[in-house]
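In what follows, a single structure is set out as structure tokens and then discussed.
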Amino acid sequence: MKRRLRLFLIGFTIGIIVVIFAYGDKASTMFDWTPESRVLKRIRLTEKVISDSMQCILDCNNFDENSWKLLFRSGDVNFAKARNKPFPIYTLSITNDSIPLTSLTISAEDSLSVLIDFKGPHTDCNCP
């Protein structure tokens, strides 16, 4: 029995190594199969379009590049608020010790991710 288990594990390990080499750079995307991971990956890989007024609100709430990285790593997608037409619109939320509850609404167009709305802890920003 031990011999069979050892042979199985050796074959399984060789198979995993072959798959990783065969897919190369695609190996990291093989594990993004959940809907939430696919949405976050799609938004991460497309160009972000942020208007000047939205950028002012982001700056007022101290939402910087590290916050974007944290959003893509541990953000939650609220599929109950999602819409599909004409382009998918997703509401992403993030809660962390350094960042209080923050909600972003993003339209995922073909090659762009347009920030539509941002709700953060500071609502009294003097933005145009």
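All residue numbers refer to positions in the sequence shown, counting from 1. All of these numbers come straight from a predicted model, not from anything done at the bench.
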Which value, rounded to the nearest 0.5 Å, describes the distance between [X] atom [atom1] and [Y] atom [atom2]?
{"X": "F21", "Y": "I16", "atom1": "CZ", "atom2": "CD1", "value": "12.5 Å"}
{"X": "K119", "Y": "T105", "atom1": "NZ", "atom2": "OG1", "value": "5.5 Å"}
{"X": "F118", "Y": "Q55", "atom1": "CZ", "atom2": "CD", "value": "10.5 Å"}

Review point. Donor-acceptor pair, R83 side chain versus P88 backbone, under 3.5 Å?
Key: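 Looks like no, no N/O pair under 3.5 Å.
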
Practice item. Report yes or no: does E47 contribute a side-chain atom to a donor-acceptor pair with the main-chain N or O of L112 at less than 3.5 Å? Key: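 Flag not set: sc E47 to bb L112 has no pair under 3.5 Å.
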
Could you check whether any side-chain heavy atom of [X] comes within less than 4.5 Å of a side-chain heavy atom of [Y], counting everything from C-beta outward?
{"X": "L115", "Y": "L58", "answer": "yes"}
{"X": "K41", "Y": "F72", "answer": "no"}
{"X": "L104", "Y": "W68", "answer": "yes"}
{"X": "S74", "Y": "L70", "answer": "yes"}
{"X": "D76", "Y": "I94", "answer": "no"}
{"X": "L40", "Y": "E36", "answer": "yes"}
{"X": "L92", "Y": "S103", "answer": "no"}
{"X": "I116", "Y": "I89", "answer": "yes"}

Minimum heavy-atom distance between [X] and [Y], given as atom pair plus value:
{"X": "S67", "Y": "N62", "value": "OG-O, 3.8 Å"}
{"X": "E109", "Y": "R42", "value": "O-NH2, 3.5 Å"}
{"X": "F87", "Y": "S107", "value": "CB-OG, 3.9 Å"}
{"X": "S93", "Y": "L71", "value": "O-CD1, 4.2 Å"}
{"X": "K81", "Y": "T91", "value": "CB-OG1, 3.8 Å"}
{"X": "Y90", "Y": "V77", "value": "CD2-CG1, 4.2 Å"}

Check your understanding: In terms of hydrophobic clustering (I, L, V, M, F, W, Y; side-chain heavy atoms under 4.5 Å; direct or indirect links), are F79 and I106 co-clustered?
Key ->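 F79 clusters together with I106.
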
Check your understanding: In terms of hydrophobic clusters joined by side-chain contacts under 4.5 Å, are L9 and V18 together?
Key ->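 As far as the 4.5 Å side-chain criterion goes, V18 and L9 are not connected within one cluster.
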
Practice item. Walk me through it: do N61 and T102 pass the test side chain to side chain contact (heavy atoms under 4.5 Å, CB included)? Key: CA-CA 9 Å; N61 284 284; T102 302; over 6 Å; no

Practice item. Tell me, with the steps shown, if T46 and S113 meet side chain to side chain donor-acceptor pair (under 3.5 Å). Key: CA-CA 6 Å; T46 56; S113 295; 2.4 Å; yes

Practice item. Tell me, yes or no, whether the heavy-atom count around K48 atom NZ, taken from other residues, nucleotides or ligands under 6.0 Å, exceeds 12. Key: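 Enclosed.
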
Exercise for review: Check the pair C60 / C125 against disulfide (SG to SG under 2.5 Å), numbers first and verdict last.
Suggested key: CA-CA 6 Å; C60 177; C125 299; 2.0 Å; yes

